[in-house]
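Single-structure report; data block below.
Residue numbers count from 1 along this sequence. Computed from a predicted model, the values in this text were never measured in an experiment.
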Amino acid sequence: MPTTLPVPIQFELPEGWHAAPPDEVGAPGAAFVALHPQSDAGFTANITIDGEYRPDAATLPEIADESAAHLRQATVSVEVTERREIGSADAPGLTQTLAVSAVVGGATRDLIQSQVYLAMLDLADARRRAVIRLILTASTSQHLAVLDDFRDFVRTVRPDTDAAS
């Protein structure tokens with residue numbers, strides 16, 4: 001069953017990408033999944049969105065470390081190849097890129113994940129911090145071809161103030 005996000009957001013999908021039910025595409029913990037229209041060697045690039053309330057004092061780098069450790073439990077290998085903090089003190093964020101080797105459809109595939117972490121305050125209760133995670137997963141050969149789509153997508157993500165009222 002797909003999860004819901006701790007805070008409502010709005011976004012625009014890149015041209016050609018289409019939404020898919022998370023449960024049906026093997027992402028039951030995701031709140032949203034979009035698929036690229038063209039597969040590459042049996043793997044379909046995808047964008048997933050998930051998030052959770054983080055009332056603890058964990059920093060975004062610590063949360064990103066947790067994410068990489070969790071992914072390591074379900075894959076052959078995971079290596080953090082790049083990480084940088086983005087945004088401002090009022091709207092902090094973090095990006096990281098992971099090189100992932102995973103068994104998909106019975107075959108080991110080399111994938112790249114581009115992850116973006118956005119910290120947001122709950123509009124109804126500013127003491128409640130939510131962290132939204134946006135993830136692009138693509139084959140290593142297709143990653144560069146879809147990365148600009150993901151960057152365009154990330155630029156459209158914002159709190160949905162209409163849903164909060």
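- Between Thr44 and Ser39, the shortest heavy-atom contact is OG1-OG, 2.6 Å.
- Shown here for Phe11 and Val157, the closest heavy-atom pair between the two residues is CB-CG2, 3.8 Å.
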Does the pair Ile49 and Ile9 meet the rule for a side-chain contact (heavy atoms from CB on, under 4.5 Å), with working shown?
CA-CA 10 Å; Ile49 303 172; Ile9 62 171; 4.1 Å; yes
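- Interatomic distance, NE2 of His36 versus NE2 of His18, reported as 10.5 Å (0.5 Å rounding).
- The closest donor-acceptor contact from the side chain of Arg84 to the backbone of Glu82 lies at 3.5 Å or more, if one exists at all.
- Note that the CD atom of Glu15 and the CG atom of Leu13 stand 11.5 Å from one another [nearest 0.5 Å].
- Minimum heavy-atom separation, Gly51 to Leu5: N-CD2, 3.6 Å.
- The side-chain heavy atoms of Leu71 and Leu98, taken from C-beta on, include a pair separated by under 4.5 Å.
- Side-chain N/O atoms of Thr97 and Thr81 include no donor and acceptor closer than 3.5 Å.
- No chain of hydrophobic side-chain contacts below 4.5 Å, direct or via other Ile, Leu, Val, Met, Phe, Trp or Tyr residues, connects Ile47 to Val104.
- Listed here is the closest heavy atom pair of Leu111 and Ala102: CD1-CB, 4.3 Å.
- When the side chains of ILVMFWY residues are joined at heavy-atom separations under 4.5 Å, either directly or via intervening members, Trp17 and Val154 end up in a single hydrophobic cluster.
- With rounding to the nearest 0.5 Å, the separation of CZ in Phe153 from CG in Leu147 is 13.5 Å.
- In this structure, His143 has no ring pair (Phe, Tyr, Trp, His ring centres under 6.0 Å) partners at least two apart in sequence or on a different chain.
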Report the C-alpha distance between Val116 and Gln96 in whole Å, list the side-chain angles of each, state the deciding distance to 0.1 Å, and finish with yes or no for side-chain contact (heavy atoms from CB on, under 4.5 Å).
CA-CA 7 Å; Val116 176; Gln96 75 175 3; over 6 Å; no
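- The distance from atom CG of Leu94 to atom CD1 of Ile86, rounded to the nearest 0.5 Å, is 7.0 Å.
- The salt bridge (Lys or Arg N to Asp or Glu O under 4.0 Å) analysis of residues 38-66, with sequence neighbours excluded, yields the pairs Asp50-Arg133, Glu52-Arg54, Arg54-Asp56, Arg54-Glu66, Asp56-Arg129, Asp65-Arg83.
- Taking the side chain as every heavy atom from C-beta outward, Val100 and Ser77 never approach each other to under 4.5 Å.
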If you apply the rule side-chain contact (heavy atoms from CB on, under 4.5 Å), what do you find for Thr137 with Phe150, and how did you get there?
CA-CA 10 Å; Thr137 306; Phe150 182 63; over 6 Å; no
Would Val103 and Val76 satisfy side-chain contact (heavy atoms from CB on, under 4.5 Å), going step by step from the backbone distance to the final call?
CA-CA 7 Å; Val103 176; Val76 176; 4.1 Å; yes
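- Side-chain contact between Thr95 and Gln115 is absent, with no heavy atoms from C-beta onward closer than 4.5 Å.
- The same ILVMFWY cluster, assembled from side-chain heavy atoms under 4.5 Å apart, contains both Leu134 and Met120.
- Side-chain contact between Val146 and Leu136 is present, with heavy atoms from C-beta onward closer than 4.5 Å.
- Placement of Leu35 and Phe32 in two distinct hydrophobic clusters is found when ILVMFWY residues are connected by side-chain heavy-atom separations under 4.5 Å, directly or transitively.
- Taking all atoms of both residues into account, the shortest heavy-atom contact from Val7 to Ala130 is CG1-CB, 4.0 Å.
- Nearest heavy-atom pair, Ala68 versus Val78, reported as atom, atom and distance to 0.1 Å: O-CG1, 4.3 Å.
- A donor and an acceptor atom, one from each side chain of Tyr117 and Ser67, are located under 3.5 Å apart.
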